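Below: one structure, written as structure tokens.
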2 protein chains.
Amino acid sequence: MENYLPHIAYDSVIFGFSGERLKILLLEYHNTGWLALPGGFVKQDENLDDAVHRGLQERTGLDKIYLEQFHTFGNVNRHQPEVMKTILEASAFSLTEYALLLDRFISVGYYALIDYEKVKPQPDALSDSIDWYFVDELPPLIFKHEEIVQKALASLQFNLDRKLVGMNLLPSKFTMKELQQVYEAILGEKLRRTTFQRKMLSLGILERHEKRFNGKAHKAPYLYSFRASSFAIDR
Amino acid sequence: MENYLPHIAYDSVIFGFSGERLKILLLEYHNTGWLALPGGFVKQDENLDDAVHRGLQERTGLDKIYLEQFHTFGNVNRHQPEVMKTILEASAFSLTEYALLLDRFISVGYYALIDYEKVKPQPDALSDSIDWYFVDELPPLIFKHEEIVQKALASLQFNLDRKLVGMNLLPSKFTMKELQQVYEAILGEKLRRTTFQRKMLSLGILERHEKRFNGKAHKAPYLYSFRASSFAIDR
DNA sequence: ACAAAAGTGTTACGGTTACACCCATGC
DNA sequence: GCATGGGTGTAACCGTAACACTTTTGT
């Protein structure tokens, strides 16, 4: 632990799209049933952004992840040493060795957008499991992480059109309907089919491919992909 | 120093409007001529936001300041211990007592909008002077603070319409022309007079008061103020 | 009366909305 | 052929742009 910066952490809100609704990854701490956002710490000589990428890589196995920093949380009332103490004890971690985890932390919030199908979440040393939960039906979280999720979602909604970010939640080829469902899931409202289609096409960033025949008794939709030039990940 | 959180700092970009152009406050360190953004540290049991307000209050004398957090800077290459060492030595500060200032810091960036006329900037213990500089003619800054200024400005531009934030740079009563000049200074472009006027009025947040006679040989402009309900400072 | 700046009316334009219609697909 | 969902054409609508015009002020 001594090669990490004290008092500084990050929390990540990892969004995925299950085909209908927006989900995020939550981890469950050993023997407590407590749920929280995946987070982590920054090494002494590591860039903040790199620390977050490292943590996400470990937990999702994904290498290139669309990441966006959205807010830094620095209120004193987020400090709950009893809760952290219980977590460490439940995992049989040495309280003396990890004492500095009981200190106050200022936490930088990031959100990530990933392809739900591509990830097999991996729990870390402190947690039993890591799993997907619907954003609009969140269970109670510790450390006031609900607030972080809400702010991440608001930020994602706000950036949706500006940064054309929806693509990162889908596989490389997708139908217009799937893209619309992503937008609807993020914005929490229904959009008009024809308007949405024309707006997306008018942006000039979509490439049309072959149709996808799904055996249904109706016209087969075209598959689209985003042009490389309008790529969202720009590390 | 030991009652402050190590490794955590904030930097503030304090915007003011001089009547024509946008300015920010920079401080000059003792005996070096080096310029930097006003920054500070967070006490052990102090909210991050409160720390920034405290620092701004000390330097500007203002009590209620419009503040917005915009980004947290955590790259390793921002760490320049030699520069900080020179600054401390130039001020004859004890290197042993203030050794932890030589450590790496992660810095939370805030921007503030204040009424240029109301503030009498006060230098702090490390600095000779604190003064206004045009944002579009910045001198070289230490600690890569140019990057922070650029990001603050981009964020301000981005939030300008959404949060109706321009008002915080003006006294409580102002003319439409003054408001337009603020917008033009922030956006860095000329706006159309009639369009701007109608857009602002159509928002329904301006209250019209008496005219301001300035002795010029032309029609006197109305004074406007923002309605209390659309107040920008919401602490 | 005149110049300068503030305020308003009118039309044109461009993007979004609403709704209709056509097209493709499998039963 | 028909039901279903995908794709496109068209006119209405709305906010902004462009520009002309009127109003107010001090010299």
Side-chain angles (χ1 to χ4, degrees), chain A residues 19-20 157-158 160-164 166-167 170-227 230, chain B residues 17 19-20 157-158 160-164 166-167 170-171 173-227 230:
Chain A
E20 195 181 343
Q157 291 174 346
F158 191 65
L160 183 56
D161 279 320
R162 200 171 55 88
K163 299 198 174 177
L164 298 168
M167 66 181 86
L170 289 171
S172 58
K173 288 188 182 178
F174 48 86
T175 66
M176 193 58 78
K177 173 154 197 152
E178 289 167 339
L179 185 59
Q180 182 174 345
Q181 285 175 323
V182 167
Y183 270 69
E184 290 177 339
I186 293 176
L187 297 175
E189 60 181 351
K190 289 287 172 196
L191 302 174
R192 280 160 275 278
R193 181 179 63 93
T194 55
T195 308
F196 181 80
Q197 165 130 339
R198 261 191 279 254
K199 194 190 222 165
M200 286 299 129
L201 291 178
S202 74
L203 295 175
I205 58 168
L206 291 181
E207 200 154 351
R208 180 178 282 182
H209 303 279
E210 73 282 13
K211 295 181 179 180
R212 175 201 281 169
F213 294 87
N214 52 9
K216 296 286 180 56
H218 56 73
K219 189 170 179 176
Y222 289 104
L223 286 172
Y224 295 89
S225 68
F226 287 91
R227 284 194 212 293
S230 58
Chain B
F17 180 69
E20 194 181 343
Q157 290 174 345
F158 191 67
L160 184 57
D161 280 321
R162 201 172 53 90
K163 299 198 174 177
L164 296 167
M167 66 181 87
L170 290 170
K173 287 188 183 178
F174 48 87
T175 66
M176 194 59 79
K177 173 155 197 152
E178 290 168 338
L179 185 59
Q180 181 176 346
Q181 285 174 323
V182 166
Y183 271 69
E184 290 177 340
I186 293 176
L187 297 176
E189 59 181 353
K190 288 288 173 193
L191 302 175
R192 279 159 276 277
R193 181 179 63 91
T194 55
T195 308
F196 181 80
Q197 164 131 339
R198 261 190 281 255
K199 194 190 223 167
M200 286 298 129
L201 291 177
S202 73
L203 296 175
I205 58 167
L206 290 181
E207 200 153 351
R208 180 177 281 183
H209 302 280
E210 74 282 12
K211 294 181 180 179
R212 176 203 281 172
F213 294 88
N214 52 8
K216 296 285 179 57
H218 56 74
K219 189 169 180 174
Y222 289 104
L223 287 171
Y224 294 89
S225 68
F226 287 92
R227 285 195 213 292
S230 57

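All of these numbers come straight from a predicted model, not from anything done at the bench. All chains are named by letter (A, B, ...) in the order of the sequence lines, taking the proteins before the strands, and each is independently numbered beginning at 1.
Contact annotation: the side chain of A:M200 never approaches that of A:Y224 to less than 4.5 Å [non-hydrogen atoms, C-beta and beyond].
Between B:F17 and B:Y183, the gap from one ring centroid to the other reaches at least 6.0 Å.
From one end of the helix from C:dA1-D:dT27 to C:dC27-D:dG1 to the other, with five pairs defining each end axis, the axis direction shifts by 10° (rounded to 10°).
Side-chain N or O atoms of B:R193 include none that pairs as donor or acceptor with a backbone N or O of B:K177 at under 3.5 Å. Between the side chain of A:R227 and the backbone N or O of A:G204 there is at least one donor-acceptor pair closer than 3.5 Å.
At a cut-off of 3.5 angstrom, the base of C:dG7 holds at least one donor-acceptor pair with the side chain of B:R193. Side-chain atoms of A:R198 and base atoms of C:dG15 include no donor and acceptor less than 3.5 Å apart.
Counting any heavy atom pair closer than 4.0 Å across all strands shown, A:T194 reaches a base atom.
Contact annotation: A:Q197 reaches the phosphate of D:dT8 (side-chain N/O to OP1 or OP2, under 4.0 Å). Applying the 4.0 Å criterion to OP1 and OP2 of D:dA17, one finds that B:T195 has a side-chain N or O inside that range.
Taking the side chain of A:L201 as heavy atoms from C-beta on, and the options D:dT8, C:dG7, D:dG6, the nearest nucleotide is D:dT8. Out of D:dG6, C:dA6, D:dT8, the shortest distance to the side chain of A:R208 is found at D:dT8.
Taking atom CD of residue B:Q180 and atom C1' of nucleotide C:dG7, one finds them 13 Å apart after rounding to whole Å. Between B:F196 atom CZ and D:dC19 atom C1' the separation is 20 Å, expressed in whole Å. Spacing between atom CG of B:L191 and atom P of D:dT16 amounts to 13 Å, rounded to whole angstrom units. The distance between atom NZ of B:K219 and atom C1' of D:dT25, rounded to the nearest whole Å, is 10 Å. B:R212 places its CZ atom 14 Å from the P atom of D:dG26, with the value rounded to the nearest Å. In this entry the distance linking CZ of A:R192 with P of C:dA20 reads 15 Å, nearest Å. Rounded to whole angstrom, the span from the CG atom of A:L206 across to the P atom of D:dG7 amounts to 12 Å.
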Inset, instruction - Show the numbers, then the answer: is there a side-chain contact (heavy atoms from CB on, under 4.5 Å) between A:F226 and A:L170? - result: CA-CA 11 Å; A:F226 287 91; A:L170 289 171; 5.7 Å; no
